[in-house]
Amino acid sequence: LCITETCPSCSVTVLSDQFSPNTTSDVAAGMLIPHTYPDTPIHRQKQWFKETFTYLFAISNSAEASEAGIHLVSGWQVFKSPPKEELPFWSDIVLGFRPMSEAELQKFPQHRFGQAFTTLKCDCPPYLLWLEKRLKATGTQMYTRKVADLWELHGEYDIVVNCAGMGAQQMVGDKQLFPVRGQVLKVHAPWVKLFIRDGDGLTYIYPGIHRVTLGGIREKGSWSLSPDAGTTRDIFDRCCSLEPSLQGAQDIEVKVGLRPSRLCVRVQREVLSQGGVKLPVVHNYGHGAGPQILLSDTTDFPPAPPLLPHTVTSCKTEHFSTKIE
Ligand SMILES: Cc1cc2nc3c(=O)[nH]c(=O)nc-3n(C[C@H](O)[C@H](O)[C@H](O)COP(=O)(O)OP(=O)(O)OC[C@H]3O[C@@H](n4cnc5c(N)ncnc54)[C@H](O)[C@@H]3O)c2cc1C
Ligand SMILES: O=C(O)CCC(=O)C(=O)O
């Protein structure tokens with residue numbers, strides 16, 4: 001969309017083997033809360049976050065906000081012991097960042113410290129549909145197609161932008177890209193208005209426009225797309241211990257996605273060349289970092305299993321119409 005807007009004379013085509021609602025992005029809670037990438041300078045991560053926040057804040061402040069699924073959300077990040085960094089690098093970008101008061105902390109008897117702030121949440125399924133609608137309005141073609149190798153696109157296109165997420169591991173043979181399996185519950189609990197995040201990054205409650213997302217888990221190197229019943233129960237219990245009213249949540253949907261993780265996002269220009277023919281490529285993938293990712297943890301992850309289903313590459317959903325017993 002940015003390309004069509006900044007360069008209207010370009011003809012843009014989107015090729016993807018899956019579109020919304022079958023992408024990893026559809027699984028994401030869509031909360032704007034940065035994860036630190038160990039191999040990217042903090043000033044660059046801060047600049048990315050600031051630009052993203054400013055861009056989405058403007059949408060949240062427009063008549064399009066509800067269709068786009070972008071809204072402000074206030075709440076708390078709570079810690080069992082005070083974090084090493086009292087002021088995270090993003091504290092002056094989110095709105096109204098401050099330490100929680102003693103009175104607020106009384107809600108969380110197991111936690112001793114907390115931060116209150118307002119950030120943005122992007123409800124990804126409506127957001128992706130909104131982007132698709134805007135793309136189609138510019139005349140952009142969208143085709144369902146699995147690309148086995150970027151080189152197959154030479155001759156058809158002048159420039160390729162690679163946003164294949166986890167699919168880039170096979171498509172460009174990137175061994176530095178690895179899955180961090182996530183599982184979340186999307187529930188009906190409209191009385192939950194404030195977000196709550198445990199500072200360990202594992203447990204979170206994120207109210208969206210229609211559903212509340214409960215998380216989570218981060219399983220490095222796991223390619224399993226099957227929802228795990230034990231994990232569902234564990235997530236539900238952890239979230240209920242932070243917000244006991246969730247015991248009354250209804251209509252539980254369980255979603256699994258594979259975060260496309262790297263020590264640093266790959267935003268890079270490359271020129272592929274064969275027999276004197278060139279194909280300029282811009283890579284943009286690896287947006288799956290998490291606070292628990294350590295350098296030593298990320299070597300020797302297994303490649304995608306050969307039987308990974310091609311119809312659903314990186315996410316899966318299961319529905320429960322009743323409460324979790
Ligand atoms: C449980 C969970 C919760 C999360 N919560 C958050 C959150 O709150 N905030 C946040 O910022 N991030 C969150 N994330 C991370 C977020 O999901 C990712 O950062 C994001 O989805 C990555 O987007 P992407 O477009 O790079 O990849 P994807 O959404 O996976 O898109 C890649 C696209 O490329 C296509 N593709 C792949 N391979 C090929 C191929 N060979 N040929 C053609 N097409 C191909 C796919 O079909 C897909 O359409 C979460 C992730 C998970 C799993
Ligand atoms: O870390 C968070 O709190 C947001 C959720 C997320 O980004 C994730 O689960 O990957």
Side-chain angles (χ1 to χ4, degrees), residues 13-37 48-49 52-53 56 73 75-78 119-125 127-128 131-132 142-150 152-153 160-174 177 179-186 195-206 208 213-220 222 225 227 231 235 254-262 265-267 283-293 304 308 310-317:
T13 304
V14 177
L15 307 176
S16 190
D17 63 345
Q18 295 288 330
F19 286 92
S20 184
N22 297 320
T23 71
T24 312
S25 298
D26 287 282
V27 176
M31 188 74 172
L32 262 75
I33 187 155
H35 294 168
T36 306
Y37 287 85
W48 286 343
F49 187 61
T52 306
F53 196 94
L56 293 175
V73 56
W76 298 302
Q77 170 156 243
V78 292
T119 185
L120 287 152
K121 181 169 165 348
C122 172
D123 288 3
C124 294
Y127 185 60
L128 291 169
L131 294 180
E132 274 187 35
M142 302 179 77
Y143 297 122
T144 301
R145 170 166 163 187
K146 185 174 173 75
V147 178
D149 184 318
L150 289 180
E152 77 185 46
L153 302 173
V160 174
V161 183
N162 166 19
C163 305
M166 207 50 236
Q169 197 202 55
Q170 283 181 330
M171 200 170 65
V172 299
D174 184 344
L177 184 66
V180 176
R181 181 181 175 280
Q183 182 166 321
V184 286
L185 322 184
K186 307 241 172 177
F195 80 78
I196 303 170
R197 181 185 204 261
D198 192 305
D200 67 9
L202 271 191
T203 307
Y204 49 75
I205 299 164
Y206 291 140
T213 303
L214 312 183
I217 191 157
R218 297 176 202 273
E219 291 179 341
K220 285 168 257 175
S222 168
L225 289 170
T231 305
I235 290 172
V254 183
K255 288 182 170 268
V256 174
L258 307 178
R259 299 176 183 88
S261 299
R262 254 177 141 259
V265 175
R266 187 173 185 205
V267 181
H283 298 286
N284 178 15
Y285 63 86
H287 304 269
Q292 286 78 24
I293 294 171
L308 190 71
H310 283 167
T311 45
V312 179
T313 48
S314 56
C315 72
K316 190 167 176 180
T317 307

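Just follow the structure's listing: the first ligand is 1, and inside any ligand the first atom is 1.
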Item to check | Arg197: numbered ligand 2 atoms lying under 4.0 Å from its heavy atoms | outcome: 1 (O), 2 (C), 3 (O)

Item to check | Closest to atom 37 (C) of ligand 1 (judged by heavy-atom distance), picking from Ser261, Gly182, Ala164, Gly165 | outcome: Ala164

Checklist entry - ligand 1 versus Tyr204, non-hydrogen atoms closer than 4.0 Å: side chain, backbone, both, neither? => result side chain

Checklist entry - Minimum heavy-atom separation for Val73 to Leu120, with atom names? => result CG1-C, 4.2 Å

Next on the checklist: Give the atom numbers and elements of ligand 2 that come within less than 4.0 Å of a heavy atom of Tyr206.
Outcome noted: 2 (C), 3 (O), 4 (C)

Next on the checklist: Could you tell me, atom by atom, which parts of ligand 1 come under 4.0 Å of a heavy atom of Arg259?
Outcome noted: 1 (C), 2 (C), 51 (C), 52 (C), 53 (C)

Next on the checklist: If I take atom CE from residue Met171 and atom CE from residue Met166, how far apart are they, to the nearest 0.5 angstrom?
Outcome noted: 12.0 Å

Checklist outcome for this item: Minimal heavy-atom distance between Val265 and His287, with the atoms involved, is CG1-CE1, 3.3 Å

Checklist entry - Which of the numbered atoms in ligand 2 are below 4.0 angstrom from a heavy atom of Tyr204? => result 3 (O), 5 (C), 8 (C), 9 (O)

Checklist entry - If you count the atoms of ligand 2 from 1 in the order shown, which ones are under 4.0 Å from a heavy atom of Ile33? => result 2 (C), 3 (O), 4 (C)

Next on the checklist: Using heavy atoms and a 4.0 Å limit, tell me yes or no: is Ser16 in contact with ligand 1?
Outcome noted: yes

Checklist outcome for this item: Per-atom filter on ligand 1: closer than 4.0 angstrom to a heavy atom of Met31 are 7 (C), 8 (O), 9 (N), 10 (C), 11 (O)

Checklist outcome for this item: On a heavy-atom basis, the closest approach of Asp200 and Leu202 is OD1-N, 2.8 Å

Next on the checklist: Nearest non-hydrogen contact with atom 7 (O) of ligand 2 belongs to which option: Lys121, His35, Gln77?
Outcome noted: His35

Next on the checklist: Show the atoms of ligand 2 that are less than 4.0 angstrom away from any heavy atom in Arg259.
Outcome noted: 8 (C), 9 (O), 10 (O)

Checklist entry - Taking only heavy atoms of Val27, which atoms of ligand 1 are found under 4.0 Å from at least one of them? => result 1 (C)

Checklist outcome for this item: Tightest non-hydrogen contact, residues Leu258 and Pro179, listed as CB-CB, 4.1 Å

Checklist entry - What atoms of ligand 1 come within less than 4.0 Å of a heavy atom belonging to Gly257? => result 53 (C)

Next on the checklist: As a check for students: among Leu150, Val147, Thr24, identify the option with a heavy atom nearest to atom 42 (N) of ligand 1.
Outcome noted: Val147

Next on the checklist: Only heavy atoms of Ala28, strictly under 4.0 Å: list the atoms of ligand 1 that pass.
Outcome noted: 3 (C), 4 (C), 5 (N), 6 (C), 13 (C), 14 (N), 16 (C), 17 (O), 50 (C)

Next on the checklist: With a 3.5 Å distance limit and no angle check, can you tell me whether Lys255 reaches the backbone of Ala28 through a side-chain donor-acceptor pair?
Outcome noted: no

Checklist outcome for this item: Heavy-atom closest pair (Tyr204 atom, Ala29 atom, distance to 0.1 Å) is CE1-CB, 4.3 Å

Next on the checklist: Test your reading of the structure: does Tyr285 have an N or O sitting under 3.5 Å from an N or O of ligand 1?
Outcome noted: no

Checklist outcome for this item: Note: ligand 1 atoms sitting under 4.0 Å from heavy atoms of Gly30 are 6 (C), 7 (C), 8 (O), 9 (N)

Checklist outcome for this item: So CD1 of Ile205 and CH2 of Trp76: to nearest 0.5 Å the spacing works out to 10.5 Å

Checklist entry - What's the shortest heavy-atom distance between Pro227 and Val254, and which atoms? => result CB-CG1, 3.7 Å

Checklist outcome for this item: With heavy atoms and a 4.0 Å threshold, my read on which part of Ala168 contacts ligand 1 is neither

Next on the checklist: Looking at Gln169 and Leu177, would you say the former's side chain and the latter's main chain have a donor-acceptor pair under 3.5 Å?
Outcome noted: yes

Item to check | Distance filter under 4.0 Å to Val184 heavy atoms, resulting ligand 1 atoms | outcome: 1 (C)

Next on the checklist: Given 3.5 Å as the limit, does a donor-acceptor pair link the side chain of Arg218 with the main chain of Gly201, or not?
Outcome noted: yes

Item to check | Sub-4.0 Å heavy-atom contact, Arg145 with ligand 1 | outcome: yes

Checklist entry - What's the spacing between Glu152 CD and Arg145 CZ if we round to 0.5 Å? => result 5.0 Å

Checklist entry - For Arg262 and Tyr37, does a side-chain donor sit closer than 3.5 Å to a side-chain acceptor? => result no

Next on the checklist: Heavy-atom distances under 4.0 Å decide this one: backbone, side chain, both or neither, for Met171 against ligand 1?
Outcome noted: side chain

Checklist outcome for this item: ligand 1 to Thr23, heavy atom cutoff 4.0 Å, flagged ligand atoms 29 (O), 49 (O)

